[in-house]
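Here the structure is laid out as structure tokens; the discussion comes afterwards.
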Amino acid sequence: MSLPDLTNYMIFARVAAAGSISAGARELNMPKSTISRRLTELEEAQGVRLLHRSTRGLKLTDIGQAFLVHCETMVAAAEAAQQVTQLVQETPRGDIHVSSPYAISQSMLVQLLPEFLARYPEVRVNLMVTNRPVNLIDEGIDVALRVRATIEDSSLIARPLSDAPQTLYKSPNKGDVGAIQQSLQHPLDLVHFPHLSLHYTSGRYRYDLTTSHGEKLTVSFRPRLITDDMIVLREAAIAGLGIVALPNYMCEEAVAAGLLEPVLPKWSLPMGIMHMVYPYRRGLLPAVRVFVDYLAEHLPTTAQRSLNTT
């Protein structure tokens with residue numbers, strides 16, 4: 001048994017309610033010739049006459065009246081089903097898969113996620129905390145937070161949120177402070193001191209430094225500690241184990257407490273930009289869409305509070 005063309009059932013119900021083919025065509029925004037042909041197809045498929053056509057309009061046959069009851073039920077069920085899917089689209093619910101570096105997660109998302117989850121109780125957040133660049137498509141990530149000068153993958157939607165400057169820091173309270181302070185007058189003096197660093201896949205560890213006057217200098221170094229955990233690096237610098245380049249938002253409190261201080265303040269490291277990255281601009285699920293909008297509204301403010309180091 002072949003499946004019936006349910007569109008013809010719907011057209012029959014709409015035309016019967018409108019009272020004429022012309023009125024039904026206007027309501028359905030379809031040509032009258034198409035409506036007439038569809039009704040004929042329906043009668044041929046059923047093997048009975050469902051309505052009488054005349055210049056004064058339509059009149060249902062007895063079997064047409066009985067047939068209409070079921071067509072109206074079918075149309076009502078279809079509209080109810082559509083309302084269900086629209087409700088899902090309008091009400092944020094379900095899982096969001098998010099990727100974030102450790103530093104952003106532990107300094108910013110920790111402040112923002114509780115309010116977001118309280119606001120949208122039917123949303124579940126699966127947060128992957130990693131410093132490696134994830135492949136959003138292959139790993140099923142809906143939204144990723146990244147700090148880069150640029151986003152390399154042009155197929156992704158990259159939404160800049162905030163500048164993320166970084167600075168060279170050291171402990172002012174460990175070792176021969178006077179000797180260190182005196183000798184760190186120029187970037188080339190960095191070669192005489194131990195260093196701590198994030199892991200660079202290139203294997204090339206260096207500082208690219210510039211001044212406000214456009215002077216540039218690159219200093220290579222060999223780290224004594226390499227880790228993807230910025231908090232470990234910060235604490236190691238506080239302990240006096242070496243000089244480290246870290247985002248300002250990671251070190252604001254330590255600087256205010258006198259545990260860290262900037263090194264070579266007249267020289268700047270490359271500016272990072274905090275991005276929110278997602279695969280598609282359109283067709284986002286409601287839960288993902290509200291998460292993107294929430295971060296776009298709140299993360300820049302949170303970041304700026306953390307970036308205002310002294």
Next item on the list: Evaluate the criterion side chain to side chain contact (heavy atoms under 4.5 Å, CB included) for residue pair Leu42 and Ile11; output intermediate values, then yes/no.
Entry: CA-CA 10 Å; Leu42 179 62; Ile11 290 174; over 6 Å; no

Next item on the list: Please examine the side chains of Ile231 and Met250, heavy atoms only from C-beta on, and report whether any two atoms are closer than 4.5 Å.
Entry: yes

Notebook entry, point to check: Any sub-3.5 Å donor-acceptor pair from Glu43's side-chain atoms to Leu51's backbone N or O?
Noted result: yes

Item checked: Note, Val232 side chain near Leu225 side chain (heavy atom, < 4.5 Å) -> yes

Item checked: Backbone of Leu241 reached by a side-chain donor or acceptor of Arg224 within 3.5 Å -> yes

Notebook entry, point to check: With a 4.5 Å limit on heavy-atom distance, are the side chains of Leu39 and Ile21 in contact?
Noted result: yes

Checklist line | From Ile226 atom CD1 to Leu198 atom CG, the distance as rounded to the nearest 0.5 Å | finding: 10.0 Å

Check: Okay, side chain of Arg14, backbone of Leu28: is any donor-acceptor separation there less than 3.5 Å?
Finding: no

Item checked: Verdict with reasoning, Ile243 to Leu184, per side chain to side chain contact (heavy atoms under 4.5 Å, CB included) -> CA-CA 11 Å; Ile243 296 171; Leu184 275 175; 3.9 Å; yes

Check: For the atom pair CG (Leu117) and CG (Leu112), what is the distance rounded to the nearest 0.5 Å?
Finding: 11.0 Å

Note to self: Are the side chains of Phe291 and Leu113 in contact, using a 4.5 Å heavy-atom criterion?
What the structure shows: yes

Check: Is Val143 reachable from Val110 through a run of I, L, V, M, F, W or Y residues, each pair having side-chain heavy atoms under 4.5 Å apart?
Finding: no

Item checked: Rounded distance [0.5 Å steps], NE2 in His298 versus CD in Glu115 -> 5.0 Å

Margin query: Which residue is it: Asp189, Asp208, Val191? I am looking for the one with a side-chain contact (heavy atoms from CB on, under 4.5 Å) to Val219.
Written below: Val191

Notebook entry, point to check: Checking side chain to side chain contact (heavy atoms under 4.5 Å, CB included) for the pair Ser36/Arg53: CA distance, chi angles, key distance, verdict?
Noted result: CA-CA 10 Å; Ser36 181; Arg53 300 173 177 84; 4.3 Å; yes

Item checked: Non-hydrogen atoms of Thr61 and Arg49 that approach each other most closely -> OG1-O, 2.8 Å

Notebook entry, point to check: Got a donor-acceptor contact below 3.5 angstrom from the Glu27 side chain to the Ala23 backbone?
Noted result: no

Next item on the list: To the nearest 0.5 Å, tell me how far Arg159 CZ sits from Leu145 CG.
Entry: 12.0 Å

Notebook entry, point to check: Any side-chain heavy atom of Lys32 within less than 4.5 Å of one from Ser22?
Noted result: yes

Next item on the list: Can you measure from CG (Leu264) to OG1 (Thr167) and round to the nearest 0.5 angstrom?
Entry: 11.0 Å

Notebook entry, point to check: Between Ala287 and Val123, what is the shortest heavy-atom contact and its length?
Noted result: CB-CG2, 3.9 Å

Checklist line | Whether Phe116 and Tyr294 hold their rings parallel, tilted or perpendicular, with breakpoints at 30° and 60° | finding: tilted

Checklist line | Closest approach of Ala144 to Leu136 (non-hydrogen atoms, all atoms of both residues) | finding: CB-CD1, 3.9 Å

Margin query: Please find the pair of heavy atoms, one from Trp267 and one from His186, that lie closest to each other, and give the distance.
Written below: CZ2-NE2, 4.3 Å

Next item on the list: Check Ser197 against Tyr205 and note the closest heavy-atom contact, atom names and distance.
Entry: OG-CD2, 3.4 Å

Next item on the list: Quick one: closest heavy-atom pair of Phe12 and Cys71, and the distance?
Entry: CD2-SG, 3.9 Å

Margin query: Is the ring pair His195/Phe221 parallel, tilted or perpendicular, if the boundaries are 30 and 60 degrees?
Written below: tilted

Checklist line | Neighbour count >12 (heavy atoms, 6.0 Å) for atom CZ, Arg37 | finding: yes

Next item on the list: May I ask you to decide if Ser220's main-chain N or O and Arg204's side chain share a donor-acceptor pair within less than 3.5 Å?
Entry: no

Next item on the list: Indicate, with yes or no, if Leu188 and Leu190 share a hydrophobic cluster defined by side-chain heavy-atom contacts under 4.5 Å among Ile, Leu, Val, Met, Phe, Trp and Tyr.
Entry: yes

Notebook entry, point to check: Are the side chain of Ser100 and the backbone of Ile104 linked by a donor-acceptor contact shorter than 3.5 Å?
Noted result: no

Check: Side chain of His97, backbone of Asp95: donor and acceptor closer than 3.5 Å?
Finding: no

Item checked: Any donor-acceptor pair under 3.5 Å from Ser171 side chain to Leu260 backbone -> no

Notebook entry, point to check: Applying the side-chain hydrogen bond (donor to acceptor under 3.5 Å, both in side chains) test to Tyr9, which of Glu72, Gln46, Arg38 qualifies?
Noted result: Gln46

Check: Hey, is CG on Asp62 packed in by over 12 heavy atoms from elsewhere, all under 6.0 Å?
Finding: no

Margin query: Could you check whether atom CD of Glu235 has more than 12 heavy atoms from other residues, nucleotides or ligands sitting under 6.0 Å from it?
Written below: yes

Notebook entry, point to check: Just wondering, do Leu269 and Leu209 contact through their side chains at under 4.5 Å, heavy atoms?
Noted result: yes

Notebook entry, point to check: Does Leu68 reach the side chain of Leu50, with side-chain heavy atoms less than 4.5 Å apart?
Noted result: no

Next item on the list: Assess whether side chain to side chain contact (heavy atoms under 4.5 Å, CB included) is satisfied between Val129 and Leu109, documenting all intermediate values.
Entry: CA-CA 11 Å; Val129 181; Leu109 292 186; over 6 Å; no

Note to self: Are the side chains of Tyr278 and Asp142 in contact, using a 4.5 Å heavy-atom criterion?
What the structure shows: no

Check: To the nearest 0.5 Å, what is the distance between CE (Met274) and CZ (Arg146)?
Finding: 14.0 Å

